[in-house]
Amino acid sequence: MELETGCGHLQIQEMDKLLSFISPDFAVIDSNAVCGKLHLIQAANLSLSAHEGNYNLSKDKSTEVLLYLTGQRQISKALKLAGISASTKSIAWVSFSSIPSNFMDVVKLDEEVISPSAFDFSRFNIEENFDINLKQKIVMTRTAILPVQPR
């Protein structure tokens with residue numbers, strides 16, 4: 001299975017068109033929910049492992065990615081924190097198969113949209129005075145423990 005990730009600025013405003021790309025094997029995420037490329041790749045790999053190991057919380061790998069990115073066990077909460085909305089200006093994506101045709105027409109690639117320096121660490125109650133790399137590691141640790149948290 002070919003795992004691909006990416007991010008960039010939206011080039012369209014039509015929410016219906018953007019939503020049409022989402023599938024069980026293709027996640028579109030609000031970039032504000034991603035604390036760097038490592039966080040995105042980690043969530044994608046953990047989603048894949050959860051489905052292969054049958055300990056997934058969601059039936060779709062694309063939704064499972066949202067759960068891991070946000071550290072939530074409830075899909076509705078993960079969608080509020082990481083799902084796309086009319087106010088979404090930049091996105092990240094994870095593909096577990098192939099990127100949908102014409103998808104690259106709606107996004108202008110830019111790695112900076114998921115930079116840890118642009119992330120809101122207050123969601124995870126992380127102190128402002130910590131080094132950015134340490135803050136990213138804390139977010140990644142907290143979101144990676146999803147499958148071992150009590151239900």
Side-chain angles (χ1 to χ4, degrees), residues 1-121 123-124 132-133 135-149:
M1 184 173 295
E2 184 74 23
L3 178 66
E4 262 188 271
T5 63
C7 56
H9 298 279
L10 282 176
Q11 300 297 297
I12 61 168
Q13 299 301 317
E14 304 105 44
M15 185 58 56
D16 289 342
K17 182 168 184 167
L18 188 56
L19 291 171
S20 74
F21 291 112
I22 298 172
S23 73
D25 287 333
F26 191 77
V28 178
I29 304 141
D30 190 306
S31 64
N32 292 324
V34 184
C35 184
K37 188 158 181 86
L38 290 175
H39 184 217
L40 182 62
I41 292 169
Q42 175 191 42
N45 284 322
L46 289 169
S47 171
L48 191 57
S49 295
H51 279 264
E52 289 173 350
N54 291 321
Y55 56 89
N56 48 299
L57 298 172
S58 167
K59 67 178 182 153
D60 297 336
K61 289 185 284 291
S62 61
T63 305
E64 196 85 12
V65 168
L66 299 180
L67 295 172
Y68 276 104
L69 280 172
T70 60
Q72 297 294 316
R73 296 184 71 80
Q74 292 181 351
I75 294 170
S76 60
K77 287 183 181 178
L79 284 170
K80 284 181 184 175
L81 293 170
I84 56 173
S85 68
S87 63
T88 301
K89 302 288 185 232
S90 56
I91 59 169
W93 68 87
V94 174
S95 176
F96 294 99
S97 56
S98 60
I99 296 175
S101 62
N102 301 330
F103 178 74
M104 297 310 285
D105 295 341
V106 304
V107 64
K108 180 181 178 195
L109 299 177
D110 184 357
E111 292 280 325
E112 289 301 309
V113 301
I114 61 170
S115 168
S117 61
F119 188 75
D120 179 11
F121 291 97
R123 279 196 0 224
F124 289 92
I132 193 79
N133 293 322
K135 290 194 284 190
Q136 182 185 34
K137 287 178 184 176
I138 293 170
V139 168
M140 291 175 63
T141 301
R142 288 185 183 170
T143 57
I145 63 169
L146 181 65
V148 296
Q149 293 173 341

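Index from 1, following the sequence.
- Side-chain contact check for T143 versus L69: every heavy-atom pair is 4.5 Å or farther apart.
- Checked by atom type and distance alone, the side chain of S62 never pairs as donor or acceptor with a backbone atom of D25 at under 3.5 Å.
- Here CD1 of I138 is found 9.0 Å from NZ of K135. Values are rounded to the nearest 0.5 Å.
- Residues F124 and V139 meet the side-chain proximity criterion, which asks for heavy atoms closer than 4.5 Å.
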ring-ring contact (aromatic ring centres under 6.0 Å, His included) assessment of F21 paired with W93: CA-CA 10 Å; F21 291 112; W93 68 87; over 10 Å; no
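- Across all non-hydrogen atoms, the minimal contact from H39 to Q136 is N-NE2, 4.4 Å.
- No more than 12 heavy-atom neighbours from other residues, nucleotides or ligands sit within 6.0 angstrom of CD on Q13.
- Between D30 and I91, every side-chain heavy-atom pair lies at or beyond the 4.5 Å cut-off.
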Between K77 and T70, does the side chain to side chain donor-acceptor pair (under 3.5 Å) criterion hold? Intermediate values first, please. CA-CA 9 Å; K77 287 183 181 178; T70 60; over 6 Å; no
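- In plain terms, the two heavy atoms of A78 and L67 that are nearest each other are CB-CD2, 3.7 Å.
- Note that CG of N45 and CG of L38 are 11.0 Å apart. Values are rounded to the nearest 0.5 Å.
- Side-chain atoms of E4 never come within 3.5 Å of backbone atoms of S98 as a donor-acceptor pair (strictly under, hydrogens ignored).
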Walk me through whether K37 and I41 qualify under side chain to side chain contact (heavy atoms under 4.5 Å, CB included). CA-CA 6 Å; K37 188 158 181 86; I41 292 169; 3.7 Å; yes
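- Residue R123 comes nearest to A33 through the heavy atom pair NH1-CA, 4.0 Å, listed as atom of the first residue, atom of the second, then distance.
- Although no hydrogens or angles enter the test, the distance criterion places a donor-acceptor pair under 3.5 Å between the side chain of H51 and the main chain of S58.
- Closest of all the heavy-atom pairs between S85 and M15 is O-CE, 2.7 Å.
- Between Q42 and L46 the shortest side-chain heavy-atom distance falls below 4.5 Å.
- Using a 4.5 Å heavy-atom cutoff, the side chains of I114 and F119 are not in contact.
- Taking the side chain as every heavy atom from C-beta outward, C35 and F121 approach each other to under 4.5 Å.
- Rounding to the nearest 0.5 angstrom, the gap separating the CD1 atom in I29 from the CD1 atom in I22 is 9.0 Å.
- Taking CG of D110 as the reference point, atom OG of S31 lies at 9.5 Å (rounded to 0.5 Å).
- Closest non-hydrogen pair, A44 versus V65, comes out as CA-CG2, 4.1 Å.
- Between S97 and F26 there is no side-chain heavy-atom pair separated by less than 4.5 Å.
- In the displayed structure, K137 atom NZ is contacted under 6.0 Å by at most 12 heavy atoms of other residues, nucleotides or ligands.
- One finds the CG atom of N32 at 8.5 Å from the OG atom of S87 (value rounded to the nearest 0.5 Å).
- Smallest separation of non-hydrogen atoms from I132 and P116: CD1-O, 3.5 Å.
- No donor-acceptor pair closer than 3.5 Å links the side chain of H9 to the backbone N or O of L109.
- Contact annotation: the side chain of F96 never approaches that of P24 to less than 4.5 Å [non-hydrogen atoms, C-beta and beyond].
- Atom NZ of K17 is separated from atom CD1 of I12 by 6.0 Å, given to the nearest 0.5 angstrom.
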